[in-house]
Amino acid sequence: MQSATFTLSPSLRLPKPRRQSSATLNPRFDPIRASVSSKPNNLTPHTNGTLSASLPRRSWSLSSSSSNFKLRPWTSVPLVDSDAGTSRFEVRATAESAEESSESSSTFKTLELGALFGLWYLFNIYFNIYNKQVLKVFPYPVTVTGIQFAVGTVLVLLMWGLNLYKKPKVSGAQLAAILPLAVVHTLGNLFTNMSLGKVAVSFTHTIKASEPFFSVILSAMFLGEIPTPWVVASLIPIVGGVGLASVTEASFNWAGFWSAMASNLTNQSRNVLSKKVMVKKEANMDNITLFSIITVMSFFLLTPVAIFMEGVKFTPAVLQSAGLNVQEVYIRSLIAALCFHAYQQVSYMILQRVSPVTHSVGNCVKRVVVIVSSVLFFKTPVSAINSLGTGVALAGVFLYSRVKRIKAKPKTA
């Protein structure tokens with residue numbers, strides 16, 4: 001084997017490396033310590049019997065027989081702390097992933113809330129159409145409301161019995177706290193059905209567009225939410241528009257008007273009270289559980305009242321004697337009851353996510369959809385002044401929803 005074609009010469013002296021103790025030796029590779037000879041190192045015995053290596057001197061230069069090149073002075077390059085760089089990268093990646101997760105979670109919540117509002121409106125449209133068809137031929141609103149609570153109670157019991165949702169363990173103190181909520185819930189739905197049986201669907205919901213008025217008053221009384229002057233001013237077109245629509249309504253009667261107004265008061269009382277109950281609820285009292293308990297309690301509260309006031313009127317014999325199509329009445333009543341329970345459930349789910357005032361605004365927007373759909377379906381005659389009054393009231397609701405976001409300035413001492 002031929003030897004390497006380069007020679008060693010002491011023409012260039014390199015700085016001597018700093019001596020280090022064996023305890024502090026750096027295990028990293030040192031290019032100066034490399035041997036350029038192809039021959040093995042000569043080992044000579046030491047005086048005490050040990051071996052010592054005869055190492056070449058480091059003050060040499062390198063030259064080649066084929067091409068001459070100069071050896072540049074070797075300088076050490078500072079090493080990069082790979083652990084610190086990795087740590088900074090991990091922190092940055094964690095922050096970016098957390099930000100993306102927060103944005104995706106916010107987008108999902110927005111889409112979820114929008115879907116709930118859409119279902120709320122859809123179920124309400126079907127409920128009002130089928131419910132009005134039933135009340136036209138079967139003018140017993142207490143019995144109709146009791147049937148709707150009965151269907152809801154059956155759904156709740158099936159949900160608990162089939163373990164579709166955990167059956168709650170409710171104490172007597174909790175039932176006592178929920179009882180006022182169940183009473184106003186029962187009255188609110190009863191008054192709504194009484195109004196729908198007396199006047200047109202569009203007129204009932206035009207009157208119920210004044211719910212923000214009751215919501216502001218009840219929220220100030222029970223939740224301590226003091227309205228700003230802008231909110232109070234926005235209530236003026238709402239009240240004025242409802243009044244103008246009432247004066248020009250073809251199907252107007254006082255029983256339907258006051259029933260709708262009573263429904264406003266009781267429904268907003270329910271919203272405010274349910275908000276307080278949900279804020280103070282225990283771990284097993286979520287929105288679905290609360291509404292389920294209210295539905296069952298409302299059924300037991302209203303059933304004896306319906307029998308006492310209207311008697312047993314929903315039997316096939318009574319319906320046939322009145323000249324009604326029993327199957328048609330039963331099917332429409334069932335669809336109305338199912339939609340009734342569905343939109344009430346979705347309403348409570350929305351109420352847990354937003355404030356009572358925001359819920360009321362969404363409720364008023366829902367009335368726009370219900371009014372338009374009912375006018376088109378039932379071909380309700382609407383005059384120009386009546387349409388103007390409804391439009392002014394709904395515009396007031398929109399203005400109310402905008403100024404509600406303006407917070408009052410804190411008072412300075």
Side-chain angles (χ1 to χ4, degrees), residues 119-162 164 182 185-202 204-205 251 255-256 259-260 263 291-292 294-348 366 369-370 373-380:
L119 291 175
W120 189 25
Y121 297 168
L122 182 64
F123 288 139
N124 213 282
I125 291 173
Y126 278 98
F127 163 73
N128 281 276
I129 291 177
Y130 283 101
N131 196 39
K132 180 63 176 179
Q133 289 178 336
V134 172
L135 289 171
K136 274 185 175 181
V137 298
F138 187 77
Y140 298 99
V142 184
T143 301
V144 171
T145 307
I147 292 171
Q148 292 166 0
F149 284 130
V151 173
T153 300
V154 172
L155 293 177
V156 170
L157 295 178
L158 287 175
M159 181 177 64
W160 290 341
L162 298 176
L164 299 177
H185 177 77
T186 304
L187 293 175
N189 290 281
L190 175 59
F191 286 134
T192 298
N193 283 338
M194 291 174 65
S195 179
L196 289 173
K198 297 293 184 181
V199 295
V201 175
S202 59
T204 296
H205 286 277
S251 63
S259 297
S263 175
F291 174 71
S292 301
I294 290 173
T295 300
V296 176
M297 294 178 70
S298 297
F299 167 70
F300 286 106
L301 287 172
L302 189 61
T303 299
V305 177
I307 296 175
F308 176 77
M309 293 182 61
E310 299 176 347
V312 181
K313 301 289 187 181
F314 205 65
T315 60
V318 175
L319 295 178
Q320 288 179 354
S321 63
L324 301 178
N325 188 330
V326 178
Q327 183 179 0
E328 184 180 79
V329 172
Y330 280 177
I331 292 175
R332 290 178 178 179
S333 299
L334 179 61
I335 295 176
L338 292 174
C339 292
F340 169 81
H341 184 79
Y343 96 77
Q344 294 277 358
Q345 175 63 73
V346 175
S347 175
Y348 269 82
K366 175 202 67 181
V369 181
V370 173
S373 60
S374 64
V375 168
L376 296 177
F377 183 85
F378 294 108
K379 298 180 180 180
T380 306

Quick one: side chains of residues 297-305, donor-acceptor pairs under 3.5 Å with protein atoms, not counting sequence neighbours, listed by atom name and distance.
unit_1 : atom_1 : unit_2 : atom_2 : d
Ser298 : OG     : Thr186 : OG1    : 2.9
Ser298 : OG     : Ile294 : O      : 2.8
Thr303 : OG1    : Phe299 : O      : 2.6

Exercise answer: donor-acceptor pairs, residues 314-323 side-chain atoms, under 3.5 Å, sequence neighbours excluded:
unit_1 : atom_1 : unit_2 : atom_2 : d
Thr315 : OG1    : Val318 : N      : 3.4
Ser321 : OG     : Ala317 : O      : 3.2
Ser321 : OG     : Val318 : O      : 2.6

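With a 4.5 Å cut-off on side-chain heavy atoms, Val142 and Lys313 do not count as touching. Contact check for Tyr130 versus Gln133: side-chain heavy atoms found under the 4.5 Å cut-off. At least one side-chain heavy atom of Trp160 sits less than 4.5 Å from a side-chain heavy atom of Ser292.
Tyr126 OH: 12 or fewer foreign heavy atoms inside a 6.0 Å radius. Shown here is Lys198, whose NZ atom has no more than 12 heavy atoms of other residues, nucleotides or ligands within 6.0 Å. Few gaps surround CZ on Phe138; more than 12 heavy atoms of other groups in view lie less than 6.0 Å from it.
For the atom pair SG of Cys339 and CG of Asn128, the computed distance is 10.0 Å after rounding to the nearest 0.5 Å. Note: Leu157 CG to Thr295 OG1 = 10.5 Å, rounded to the nearest 0.5 Å. With rounding to the nearest 0.5 Å, the separation of CG in Leu190 from OG in Ser195 is 11.5 Å. A distance of 4.0 Å separates CD1 in Ile125 from OG in Ser373, rounded to the nearest 0.5 Å.
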Inset, instruction - I would like to know whether Phe291 and His185 meet side chain to side chain contact (heavy atoms under 4.5 Å, CB included); could you show each step before the answer? - result: CA-CA 10 Å; Phe291 174 71; His185 177 77; 4.1 Å; yes
Legend entry - Working for side chain to side chain donor-acceptor pair (under 3.5 Å), residues Ser202 and Thr380: CA-CA 8 Å; Ser202 59; Thr380 306; 4.7 Å; no
Inset, instruction - Determine, step by step, whether Phe340 and Phe123 satisfy the ring pair (Phe, Tyr, Trp, His ring centres under 6.0 Å) criterion, reporting the C-alpha distance in whole Å, the side-chain angles of both residues, the deciding distance to 0.1 Å, and the verdict. - result: CA-CA 7 Å; Phe340 169 81; Phe123 288 139; over 10 Å; no
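Listed by first then second residue, pairs satisfying side-chain hydrogen bond (donor to acceptor under 3.5 Å, both in side chains) with a partner in residues 338-347 read Asn189-Gln344, Arg270-Gln344, Ser347-His359, not counting sequence neighbours. Listed by first then second residue, pairs satisfying side-chain hydrogen bond (donor to acceptor under 3.5 Å, both in side chains) with a partner in residues 142-154 read Asn131-Gln148, Thr143-Glu310, Thr145-Asn193, Gln148-Asn193, not counting sequence neighbours. The salt bridge (charged side-chain N to carboxylate O under 4.0 Å, His left out) analysis of residues 325-341, with sequence neighbours excluded, yields the pairs Glu328-Arg332.
Lys132 contributes a side-chain N or O that, together with a main-chain N or O of Leu196, makes up a donor-acceptor pair within less than 3.5 Å.
For Phe191, the ring pair (Phe, Tyr, Trp, His ring centres under 6.0 Å) test picks out no residue, with sequence neighbours left out.
The closest side-chain donor-acceptor pair between Ser263 and Thr192 falls under 3.5 angstrom.
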